[in-house]
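For reference, the structure discussed in these notes is given below.
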Amino acid sequence: MTILITVSTALTIALLIFLVAELVPGRSAGVVKDRMVDMGLGALASKDRMRRARQRSKLKKLLRYVGDHLETRHEDWSSLRHKLIHAGYRDSSAVAVYLGIRFTAMVGLGLYGFVLGGAADVSGAFPIFLGLLGVAAGWIIPRFILASKVTRRQKEIQKALPDASDLLVICVEAGLGLNQALVRVSEEMRHQSKLFTEELTLMNMAIRAGTPRERALTDWAMRTGVDDVRSLATMLVQTERFGTSIAHSLRVHSESMRAKRRQRAEEAAAKTTIKMIFPLALCIFPAMFVVILGPAFISIFQTFASL
């Protein structure tokens, strides 16, 4: 039992270290590669990148193989596919890989919980309970991570949209066509939001490839899943269809988005007082009670003990 507990603890620590190592350096990977190139280690950086790409490809193939068998047992995965697109996973095998991740997490965490419960030397159904808890965690955690990534991407796009709309108004009023204005805005917005620039560049590439602008705008709104982007795309489509002034419509829409942005900030500020109640009640007030009332309780206890 001691060996099982030791192995389980070591495995837990290793998994946590691996998770932190995979998540934390993700944003600075480009900086590290640039620094290695400056030091003359570009070949080493490229080899490391190719090795990681091969490892990811093998893992993706394995997860896709597992997920393909689960995907064929359901008739419609359109809602899940839309969520994956909103999260930035546009590959055709995204649904299969996601299902493979959930199934693997369920099996792995379920077995880990069962072994950990058996190593705890507790009789009864405790190992089975931990196994079922691991299965539930393996089913819920990937879904929670996907939802959080969708929310983070949508917030970033929603935050960059008012500035992009103002730039679009300036470009259109300066005499550029709508297509050229969209290209110019995608070039200027790369310093503020790479994600928004990527989505806008995909739409511009679709227009250049021959996709009608109305269809490209609709696909852009579908990929992001942001209500403000959908309203902007609808406004541009209706403006082109009815022949109204694009500059005037964009200016009115930009002012409305600015007003919405200010209202969201005011709403978030108003919710701050309510959100502060829970940390005050759970963290600060108990410590204050211990500091203030602790000596009084000790004095009362000593008084009654002397009696």
Side-chain angles (χ1 to χ4, degrees), residues 23 26-31 34 82-91 94 145-209 211 213-240 246-272:
L23 295 180
R27 293 174 178 249
S28 60
V31 179
D34 294 338
H82 284 311
K83 288 183 180 179
L84 290 170
I85 292 174
H86 294 166
Y89 303 107
R90 308 182 187 91
D91 193 79
I145 294 175
L146 178 63
S148 64
K149 188 165 186 178
V150 170
T151 303
R152 185 171 61 253
R153 284 174 58 90
Q154 290 180 347
K155 284 184 178 179
E156 183 177 349
I157 294 173
Q158 194 174 39
K159 184 179 179 181
L161 188 59
D163 296 333
S165 180
D166 290 339
L167 288 174
L168 193 61
V169 172
I170 294 172
C171 293
V172 171
E173 290 182 346
L176 292 177
L178 185 57
N179 293 344
Q180 291 78 13
L182 291 171
V183 173
R184 183 65 178 177
V185 170
S186 64
E187 294 175 355
E188 295 295 332
M189 289 295 295
R190 69 181 184 275
H191 303 291
Q192 180 178 353
S193 175
K194 293 182 179 180
L195 176 60
F196 185 85
T197 302
E198 179 185 352
E199 295 292 340
L200 201 59
T201 303
L202 286 175
M203 184 185 66
N204 293 328
M205 291 176 63
I207 295 175
R208 289 181 180 179
T211 304
R213 188 164 59 192
E214 179 178 350
R215 176 66 181 275
L217 290 169
T218 305
D219 293 342
W220 179 42
M222 188 274 295
R223 284 196 309 269
T224 58
V226 180
D227 293 335
D228 290 343
V229 175
R230 188 178 295 109
S231 62
L232 177 61
T234 304
M235 185 271 297
L236 292 175
V237 169
Q238 291 179 353
T239 300
E240 182 180 6
I246 296 179
H248 178 70
S249 301
L250 282 172
R251 182 168 292 279
V252 173
H253 191 269
S254 177
E255 292 176 356
S256 66
M257 281 196 295
R258 289 286 182 184
K260 288 181 181 179
R261 186 176 181 178
R262 184 172 58 254
Q263 290 172 359
R264 289 194 204 99
E266 293 175 354
E267 182 181 359
K271 291 180 179 179
T272 305

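This one's a predicted model, so the numbers in the text were calculated from it and none came from an experiment. These numbers come from the heavy atoms of this one structure, side chains and all, not from hydrogens, waters or symmetry mates. We number each residue from 1, following the sequence as shown.
- Taking the side-chain contact (heavy atoms from CB on, under 4.5 Å) definition, one finds that T151 meets it with K155, sequence neighbours left out.
- Between D228 and R264 a salt bridge is recorded (basic side-chain N to carboxylate O distance below 4.0 Å).
- When every heavy atom of S254 is checked against every heavy atom of P162, the shortest pair comes out as OG-O, 4.3 Å.
- For S193, the side-chain hydrogen bond (donor to acceptor under 3.5 Å, both in side chains) partners two or more places apart in sequence, or in a different chain, are E156.
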Practice problem: Take H248 and V252 through the test side-chain contact (heavy atoms from CB on, under 4.5 Å) and record every step on the way to the result. | Solution: CA-CA 6 Å; H248 178 70; V252 173; 3.9 Å; yes
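- Expressed to the nearest 0.5 Å, how far CG of L167 lies from CD of E187 amounts to 11.5 Å.
- Not counting sequence neighbours, the partners of A87 by the side-chain contact (heavy atoms from CB on, under 4.5 Å) test are Y89, L146, K149, V150.
- In this structure I170 satisfies the side-chain contact (heavy atoms from CB on, under 4.5 Å) test with no other residue, sequence neighbours excluded.
- Of all heavy-atom pairs between A221 and T224, the closest is O-OG1, 3.2 Å.
- No hydrogens or angles considered: a donor-acceptor pair under 3.5 Å links the side chains of H253 and S231.
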Quiz item: How far apart are the C-alpha atoms of K194 and M189, what are their side-chain angles, what is the distance that settles it, and do they pass the side-chain contact (heavy atoms from CB on, under 4.5 Å) test?
Solution: CA-CA 7 Å; K194 293 182 179 180; M189 289 295 295; over 6 Å; no
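- In this structure E267 satisfies the side-chain hydrogen bond (donor to acceptor under 3.5 Å, both in side chains) test together with K271, sequence neighbours excluded.
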Practice problem: Test side-chain contact (heavy atoms from CB on, under 4.5 Å) on M222 and H82 and set out the steps. | Solution: CA-CA 8 Å; M222 188 274 295; H82 284 311; 3.7 Å; yes
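- When all heavy atoms of T272 and A268 are compared, the closest pair comes out as OG1-O, 3.0 Å.
- Between E199 and R153 a salt bridge is recorded (basic side-chain N to carboxylate O distance below 4.0 Å).
- Applying the salt bridge (charged side-chain N to carboxylate O under 4.0 Å, His left out) test to every pair with at least one member in residues 164-176, sequence neighbours left out, gives these pairs: D166-R258, E173-R251.
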Quiz item: Going through the checks in order, is the side-chain contact (heavy atoms from CB on, under 4.5 Å) test met by V226 and W220?
Solution: CA-CA 10 Å; V226 180; W220 179 42; over 6 Å; no
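- Separation of atoms CG (N204) and OG (S186) is listed at 5.0 Å; rounding is to 0.5 Å.
- Under the side-chain hydrogen bond (donor to acceptor under 3.5 Å, both in side chains) criterion, E255 pairs with no residue at all, not counting sequence neighbours.
- Residues passing the salt bridge (Lys or Arg N to Asp or Glu O under 4.0 Å) test with R261, sequence neighbours excluded: D163.
- Checking L202, L178, N179 one by one against I207, the side-chain contact (heavy atoms from CB on, under 4.5 Å) holds for a single residue, N179.
- With sequence neighbours left out, R208 forms a salt bridge (Lys or Arg N to Asp or Glu O under 4.0 Å) with no residue at all.
- Residues passing the side-chain hydrogen bond (donor to acceptor under 3.5 Å, both in side chains) test with R215 are D219, sequence neighbours excluded.
- Taking the side-chain contact (heavy atoms from CB on, under 4.5 Å) definition, one finds that T239 meets it with M235, T244, I246, S249, sequence neighbours left out.
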